[in-house]
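Because the structure is a prediction, the values reported are computed rather than measured. Reminder, nothing fancy here: chain letters follow the sequence lines and each chain counts from 1.
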There are 2 protein chains.
Amino acid sequence: MAPAVEQFVLRWGDLGGQWGVNRSVAQIHALLYLAERPITAEDIADALGMARSNVSNSIRELLGWKLIRRVPVLGDRRDHYEAETDLWQMATRIAQGRKQREIDPAVAALRHVVDAAEDDPRVSRVARDRLRAMQGFVATLDDWYDQMLAVPPNKIMALIKLGSRVVNLLSFGRGKKGADKDGKD
Amino acid sequence: MAPAVEQFVLRWGDLGGQWGVNRSVAQIHALLYLAERPITAEDIADALGMARSNVSNSIRELLGWKLIRRVPVLGDRRDHYEAETDLWQMATRIAQGRKQREIDPAVAALRHVVDAAEDDPRVSRVARDRLRAMQGFVATLDDWYDQMLAVPPNKIMALIKLGSRVVNLLSFGRGKKGADKDGKD
DNA sequence: CAGTTATTTCTGCAGAAAGAGAAATCACTG
DNA sequence: CAGTGATTTCTCTTTCTGCAGAAATAACTG
């Protein structure tokens, strides 16, 4: 394996660790992302020096995230895998997964807490207000997140390319300071 | 401590754990967020049942993220702390912190890997292309992130309230399907 | 300068998580 | 039904991380 590829695999694996994805999973994903053609589980285990079982479990997780897919290869009974290479698809799927697994439960928990606080006279007025504020805020973000995930990738890309200029293109460019016209507000 | 408050502290603490913030830090933050008035490190240790030293370290971290601040109290030599209660400030500071600590290193690492790949004949054409694509993608997102953090909170809020309708308000609403006018594309 | 309060650093412990490998089970093919 | 590949489950080991507490240091006050 070329040093650069190896580096990428290692870095990506490490990165995954920081983001709550386990290292093996991230490494396998990295390897498949750079692979020219579909490869088998055994090849993966071989290339990365990890146990077959570990590869099997990790593949299962990656399939769950829809970041890789199984592809049949003529004349070979073994399963081969290839990665999703459309980066927007990738990003979207990761974002969806994280939202479902982390954000949604948080929102639910928060709602529950706020409900409990409403009925409790021992909770100060200040605390109650802050809880409500937090709940509203999170709900707003959550809603936004959903909407953005529903917008087709190419349009999102256009939005991003616009960057902060989007602010000026819309009506609320009428802020106090008049002349910040170059995306640097 | 009222049950609802305790619940919030616990939930928030737990949530922090999932996001790479350690539990004590998140709990202290939750407690301060709901507090009516500035409180001392000792009170915190007391309320949450953790060691003074632990509180001291956690406070230091929270100060680093600028999520809480020190405030003097008349007639009391001890230090008191209060939380930032503006949720947009909070979100912005967390986002900035995470970017600095996680995204930026990743971008740098990726750039490094791409450079290495360019000079290496052992790296296949496909792999090289994919690395470049990844690098470009991440750089774009990184740039966007920076720009958004620079936009004042109230404008961001306006954008978010618009949600996916923002797409239609801008010129590239001329997609194939004509009539999706209610934010549900 | 003595006494009090805060911070900081270091060390050790405990719990959680990750990964590896063995073995059992399942599925398919000829 | 024998043989091969794949998945799944279980357990063991190892590694990490969080947290507590002790001790050293620093800052301030009367």
Side-chain angles (χ1 to χ4, degrees), chain A residues 9-32 38-65 68-82 101-102, chain B residues 9-32 38-66 68-82 98 101-102:
Chain A
V9 168
L10 291 176
R11 292 284 193 184
W12 199 249
D14 219 58
L15 221 70
Q18 292 182 352
W19 294 359
V21 183
N22 96 9
R23 194 165 59 253
S24 299
V25 172
Q27 284 187 353
I28 292 175
H29 180 237
L31 185 66
L32 287 174
I39 53 187
T40 68
E42 208 165 313
D43 288 342
I44 296 173
D46 219 34
L48 301 181
M50 55 176 76
R52 247 323 296 283
S53 59
N54 197 6
V55 172
S56 211
N57 288 323
S58 301
I59 283 182
R60 190 185 175 212
E61 189 169 340
L62 284 169
L63 286 172
W65 287 75
I68 66 173
R69 53 180 160 263
R70 241 158 134 148
V71 288
V73 163
L74 258 185
D76 194 339
R77 260 173 56 196
R78 294 173 301 173
D79 287 341
H80 292 64
Y81 300 91
E82 68 178 9
R101 288 158 228 231
E102 295 168 14
Chain B
V9 168
L10 291 177
R11 292 284 193 180
W12 200 248
D14 220 57
L15 223 71
Q18 291 182 351
W19 294 359
V21 183
N22 95 11
R23 192 166 61 254
S24 299
V25 173
Q27 284 186 353
I28 292 176
H29 180 237
L31 186 66
L32 287 174
I39 53 187
T40 68
E42 209 164 312
D43 287 342
I44 295 173
D46 219 33
L48 300 182
M50 56 175 77
R52 253 315 299 285
S53 59
N54 197 5
V55 172
S56 212
N57 287 323
S58 300
I59 282 182
R60 192 189 173 208
E61 190 170 339
L62 284 169
L63 286 172
W65 287 76
K66 296 198 175 180
I68 66 172
R69 52 179 160 265
R70 243 157 132 146
V71 288
V73 163
L74 258 186
D76 193 338
R77 265 172 52 196
R78 294 172 304 172
D79 286 342
H80 293 64
Y81 300 91
E82 70 178 9
R98 284 186 75 96
R101 288 159 228 228
E102 294 168 14

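Spacing between atom CD1 of A/Ile44 and atom P of C/dG19 amounts to 15 Å, rounded to whole angstrom units. Distance B/Ile59 CD1 to C/dA6 C1': 10 Å, rounded to the nearest Å. Atom CG of B/Asp79 is separated from atom P of C/dT5 by 13 Å (rounded to the nearest Å). Atom CZ in A/Arg78 sits roughly 16 Å away from atom P in C/dT29 (whole-Å rounding). Atom CG in B/Asp14 sits roughly 18 Å away from atom P in D/dT17 (whole-Å rounding). A/Leu63 has its CG atom 15 Å from the C1' atom of D/dT8, to the nearest Å. Atom CG in A/Asp46 sits about 13 Å away from atom P in C/dA20, given to the nearest Å. Rounded to an integer number of Å, the gap from B/Arg70 CZ to D/dA27 C1' is 11 Å.
With sequence neighbours excluded, the residues satisfying side-chain contact (heavy atoms from CB on, under 4.5 Å) with B/Arg11 are A/Ala109, A/Val113, B/Gln7. Annotation: side-chain contact (heavy atoms from CB on, under 4.5 Å) contacts of B/Val21 (sequence neighbours excluded): B/Val25. Applying the side-chain contact (heavy atoms from CB on, under 4.5 Å) criterion to A/Ala30, with sequence neighbours excluded, gives A/Phe8, A/Val9, A/Trp12. In this structure, the side chain to side chain donor-acceptor pair (under 3.5 Å) partners of A/Asn54, at least two apart in sequence or on a different chain, are A/Ser24. Remark: A/Glu82 pairs with A/Arg69 by the side chain to side chain donor-acceptor pair (under 3.5 Å) rule, at least two apart or across chains. With sequence neighbours excluded, the residues satisfying salt bridge (charged side-chain N to carboxylate O under 4.0 Å, His left out) with B/Glu102 are B/Arg98.
Of all heavy-atom pairs between B/Tyr81 and B/Leu63, the closest is CE2-CD1, 4.2 Å. Looking at every heavy atom in both residues, A/Gly16 comes nearest to A/Ala26 through CA-CB, 4.1 Å.
Using a 4.5 Å heavy-atom threshold, the side chains of A/Val55 and A/Leu48 count as separate. At a threshold of 4.5 Å between non-hydrogen side-chain atoms, the residues B/Ile28 and B/Ile68 do not count as touching.
Applying the side-chain hydrogen bond (donor to acceptor under 3.5 Å, both in side chains) test to every pair with at least one member in residues 43-53 of chain A, sequence neighbours left out, gives these pairs: A/Thr40-A/Asp43.
To the nearest 0.5 Å, atoms CG (B/Asp14) and CD (B/Gln27) are separated by 8.5 Å.
Of the residues in residues 48-57 of chain A, A/Arg52, A/Ser53, A/Ser56, A/Asn57 come within less than 4.0 Å of DNA chain D through at least one heavy atom, sorted by number.
The side chain of A/Arg60 contributes an N or O atom lying less than 4.0 Å from OP1 or OP2 of D/dT8.
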Using a 3.5 Å cut-off and no angle test, enumerate the donor-acceptor pairs between side-chain atoms of residues 70-78 of chain B and protein atoms at least two apart in sequence or in another chain.
residue: B/Arg70; atom: NE; partner: B/Asp79; partner atom: OD2; Å: 3.4
residue: B/Arg70; atom: NH2; partner: B/Asp79; partner atom: OD2; Å: 3.0
residue: B/Asp76; atom: OD1; partner: B/Arg78; partner atom: N; Å: 3.0
residue: B/Asp76; atom: OD1; partner: B/Arg78; partner atom: NE; Å: 3.2
residue: B/Asp76; atom: OD2; partner: B/Arg78; partner atom: NH2; Å: 3.1

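Heavy-atom contacts from other residues, nucleotides or ligands closer than 6.0 Å to CZ of B/Arg101 number more than 12.
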Please tabulate, one pair per line, each protein N/O and nucleotide N/O from nucleotides 28-30 of chain D that are separated by under 3.5 Å, including the distance.
none

Report each atom pair, protein N/O against N/O of nucleotides 13-18 of chain C, whose distance is under 3.5 angstrom.
none

- Item | 5'-to-3' dot-bracket of DNA chain D (Watson-Crick, G-U; under 3.5 angstrom; crossing pairs as [ ]; | other strand) | ||||||||||||||||||||||||||||||
